[in-house]
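Working notes for the structure below.
Values below: all heavy atoms of this structure, side chains included; hydrogens, waters and symmetry mates excluded. For the single chain, residues carry numbers from 1 onward in sequence order.
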Amino acid sequence: MEKNTPENQLDLAPFPLSQLQEDLAEVFFHHLQNIGRLVDAEAAWTLISKDPLDIFPFQFLNPEESAKGFGFTFSMIAHTSFAQSMINLYNYAYSGRLDRTQQKPEGESDYVWYTTLCCDVADGATGRERIDHGSDVSTHASRCVQVAETANARNMLEGEEPFYYFHGATNKESSIDFEGLTIRQLALLAGMEEGSVRAATNPKRAKPLVTFKSGNRTLVNFEVAKEWLADKGRYIPVTYFRSSTVVDWNSEEIDGIDQFNSLLAQHVSNLLNQIEQSKAAELLASLARLGTPVDLVAGFFSGKPLSLTEEQIRDEALMHALAQVVQVSPEIFALRAKETVLVSDLERVMKERKLLILGHKEV
């Protein structure tokens, strides 16, 4: 099977990113109108624009008005966490790409609330009220919900926790089950109609899609689903990228020592570019005295200008001192260092367990 590469990336998106951007503007405008109803139109408008509202308030609050008709565009909300997070979900849902500079989609994350806000418009009372006035905002919101559903399904496919449960949605099949993927979820990931996926479960087929029952629901085992998608040429592996060089030590996801070093090197590089040459020399000298020197020349060729050992990362006093030199909160930095070695310890334990299991199987 041909592998997916940036040059040969599967396009399973049911609509282009530009459409989602328009949809997000409509959803945002809908909620902005609701805020205007709770306070007043001018006060709501100041939340998004420094320019005064140059129309009558009743025009802004008109339930028939659309963001597009009003001149409210995605560019006006592109800087918001809501917009950036939903774009991240779109990339994750349809190309498997997750931005490490964005919050990870998981339970208790902001994605829970962003999805809820979209569901409220797609299937809530205010959305239905606007439909009665001829608005199509529910259609825009439904596409946003579909993005969240697909990203949620990909999370579950890859063994991650869902960030939303979709209980109470109009389509009951959107509600998830922890035992496996629903037919709807698998259809979303495959970029296929649900009917086509159900047809693939026909036992008379040469290689039917194996399902099982959980109550009244038909589910597909996660590994079976992944294998089926791969056989169809529709499995997309998860990859990571960074849309920004800024390192947020409070929220950055760290999956091991190599990444910790990579983030630290990026942080130091950013810092060196921001300070005067004399200050930069002092910083490099301080790092050398701590036993954590930066080799810019070697790093240029190896990609690792700064590489701490596991023993150094375990040294809490050293991590506090290093944090002060590189201008990071010592408490946060020391905790992230501790988290790094715990992740590495867990990886070693899991490898030992797998090797032990393999050894028993061979015997």
> Between F29 and F60, how do the two ring planes meet: parallel, tilted or perpendicular, split at 30° and 60°?
Replying inline: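 Rings of F29 and F60: perpendicular, over 60°.
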> Should we count CD of E316 as having more than 12 external heavy atoms under 6.0 Å?
Replying inline: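 Counting other residues, nucleotides and ligands, CD of E316 stays at 12 neighbours or fewer.
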Under 3.5 Å donor-acceptor, [X] side chain and [Y] backbone:
X: E65; Y: N62; value: no
X: R154; Y: P237; value: no
X: H30; Y: V121; value: no

> Y164 and I176: side chain to side chain contact (heavy atoms under 4.5 Å, CB included), yes or no, with the steps?
Replying inline: CA-CA 8 Å; Y164 202 74; I176 68 161; over 6 Å; no
If you measure from [atom1] on [X] to [atom2] on [Y], what distance do you get to the nearest 0.5 Å?
X: L89; Y: E149; atom1: CG; atom2: CD; answer: 12.0 Å
X: L264; Y: R336; atom1: CG; atom2: CZ; answer: 12.5 Å
X: Q21; Y: I77; atom1: CD; atom2: CD1; answer: 9.0 Å
X: D255; Y: E339; atom1: CG; atom2: CD; answer: 10.0 Å

Examine the side chains of [X] and [Y] and answer whether a donor and an acceptor come within less than 3.5 Å of each other.
X: R205; Y: N202; result: no
X: R217; Y: S214; result: no
X: Y114; Y: S81; result: yes

>> Contact between R314 and E311 at the side-chain level, heavy atoms closer than 4.5 Å - yes or no?
In response: no
>> Does any part of the side chain of S269, heavy atoms only, come nearer than 4.5 Å to the side chain of Q274, both counted from C-beta?
In response: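 When only atoms from C-beta onward are counted, S269 and Q274 do not touch, as no gap falls below 4.5 Å.
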>> Give me the atom names and distance for the closest heavy-atom approach of E310 to R348.
In response: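 Closest pair (atom of E310, atom of R348, distance): OE2-NH2, 2.7 Å.
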